[in-house]
2 protein chains.
Amino acid sequence: MSNGQKNQDYDAGSQPRTTGKKTYHHGDLRAALIEATRQLVEEKGPDSFSVSDACRLAGVSTAAPYKHFKNKTEMLVAAVLEGMLRHRSRMLAALEGIPEGSPERVTAIGMEYVSFALREPGIFSLKFGGFTDRIADPRLEEGGQQSFNILLTEIAKCLDEPGITEEVRRRGFLLWSFVHGLSFILREQGLAEKGQEFDLHDLLEDVARRMLN
Amino acid sequence: MSNGQKNQDYDAGSQPRTTGKKTYHHGDLRAALIEATRQLVEEKGPDSFSVSDACRLAGVSTAAPYKHFKNKTEMLVAAVLEGMLRHRSRMLAALEGIPEGSPERVTAIGMEYVSFALREPGIFSLKFGGFTDRIADPRLEEGGQQSFNILLTEIAKCLDEPGITEEVRRRGFLLWSFVHGLSFILREQGLAEKGQEFDLHDLLEDVARRMLN
DNA sequence: TAACATATGTTAGAGATGCTAACTTTATGA
DNA sequence: TCATAAAGTTAGCATCTCTAACATATGTTA
């Protein structure tokens with residue numbers, strides 16, 4: 001943005017079809033635009049994001065994105081979907097090494113949920129914070145459901161229930177609400193402000209204990 | 001919006017300076033614009049809100065608002081502040097008639113919190129859902145703190161603590177997080193979707209019990 | 001290999017928006 | 001009463017989203 005370079009290599013992990021440096025075609029503009037979107041959403045906030053900015057960052061004209069996305073919303077959706085993939089894989093990674101059936105696994109999921117909100121507040125806001133009509137995409141709902149199912153599975157094991165029963169669903173709903181709200185509040189004001197100096201892990205353990213009996 | 005009337009009387013509870021009908025001056029354009037903003041934010045969503053729309057709805061030119069508000073954000077802030085006033089007074093009204101020290105008072109606060117999110121999802125989103133930079137106004141923070149203090153006072157009475165102690169603050173933080181998250185989730189998907197058919201009052205009572213011991 | 005089809009860029013521009021400048025009309029109060 | 005301030009208006013600039021028409025690269029097939 002601050003330099004005027006054009007067509008810089010921005011592949012973000014995908015293989016460009018040409019190895020050349022300044023071709024007419026970009027190589028993988030779609031991925032580059034998603035990465036630019038992610039970056040701008042975090043830097044300036046979702047509300048200030050503009051397609052034009054992303055184009056400047058990726059070094060293409062302002063009409064280029066419309067070969068890859070239907071409109072601005074579709075660009076944002078793509079960035080959010082990418083973020084959810086990262087989110088889910090980190091969640092699963094956080095579970096490794098913790099014994100099955102341990103409430104600590106539920107705590108770990110919560111920790112990772114909050115971490116995501118703090119690490120990528122812009123993407124988090126886009127996914128969860130907006131008005132219903134903002135981004136209503138079935139793929140987003142499905143992704144959220146998948147994450148939720150990971151939590152339900154852990155709760156079922158903790159409660160020794162035979163699968164995802166009504167009671168598991170209820171506890172999951174309560175825990176999810178809590179972690180969700182906690183993420184919003186912490187993203188807004190941090191842990192140590194206004195005389196609240198709680199340890200995050202303590203809080204989550206406390207709540208997990210209360211909710212799992 | 002659907003009719004082409006201009007300068008319709010839109011006073012929204014404030015006394016216009018003239019009783020006339022079609023004056024050059026509006027009477028109380030500021031209040032009319034705030035009401036128009038509120039209405040549009042609920043109808044089309046906060047992201048689709050435009051100053052121009054509000055002007056059309058209030059029947060004035062697109063430059064008129066800038067005599068009353070610094071910019072678009074200030075208009076939204078004004079609408080949110082008004083919403084928070086309504087919210088707080090309903091919260092206090094909900095407490096009337098419930099005996100002091102009863103956990104039911106905490107439940108009532110939660111009910112009212114969730115109700116607000118469902119009744120005015122647009123304003124709720126603007127206040128809580130946005131990116132940190134979206135609307136960062138000290139008046140909004142102060143208003144939120146006031147509502148939070150109402151909750152803390154009730155919790156202190158329930159726990160028989162001598163005022164707002166560290167423990168009260170901790171429980172309040174947990175409860176607030178829960179209700180906050182619950183509001184977001186319900187606003188997005190409702191209570192009865194996806195096989196979740198819980199009774200709202202039951203849920204809140206359950207959580208209040210768990211959190212207040 | 002030539003030539004066509006398709007994918008992926010570009011420039012130009014329409015229409016909407018946020019906001020400012022300069023002007024006009026009404027209200028206020030010395 | 002009349003100057004001044006408050007609160008409207010029109011005109012217009014810069015920017016934004018998105019489309020149309022055109023240009024260039026890629027790759028498939030005769």
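Quick caveat, the model's predicted, so the values are computed rather than measured. First the proteins, then the strands, lettered A, B, ... as listed; each starts at 1.
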Hey, is B:Glu82 close enough to B:Arg86 for a salt bridge, meaning N to O under 4.0 Å? yes
What is the distance, rounded to the nearest whole Å, between atom CG of B:Asp47 and atom P of C:dA16? 20 Å
Does C:dG9 have OP1 or OP2 sitting under 4.0 Å from an N or O in the side chain of A:His68? yes
Separation of D:dT9 C1' from B:Leu29 CG (nearest whole Å): 13 Å
Let me know the distance between CE of A:Met75 and P of D:dC18, rounded to the nearest Å. 10 Å
Between B:Arg139 and B:Glu74, does any side-chain N to carboxylate O distance fall below 4.0 Å? yes
Ion pair B:Arg170/A:Asp206, N-O distance below 4.0 Å: yes
What is the per-nucleotide protein-contact pattern of nucleotides 17-23 of chain C, from the 5' end, where B denotes a base atom under 4.0 Å from a protein heavy atom, S denotes such proximity for sugar-phosphate atoms only, and - denotes neither? SSBB---
Listed by chain and number, what are the ring-ring contact (aromatic ring centres under 6.0 Å, His included) partners of B:Phe178, not counting sequence neighbours? none
Test: A:Glu166 and A:Arg169 ion pair at under 4.0 Å: no
Figure out the CZ/P separation between A:Phe69 and C:dT8, and round it to whole Å. 12 Å
What I want to find out is whether B:Arg119 reaches B:Glu112 closely enough, with some N-O distance under 4.0 Å, to be called a salt bridge. yes
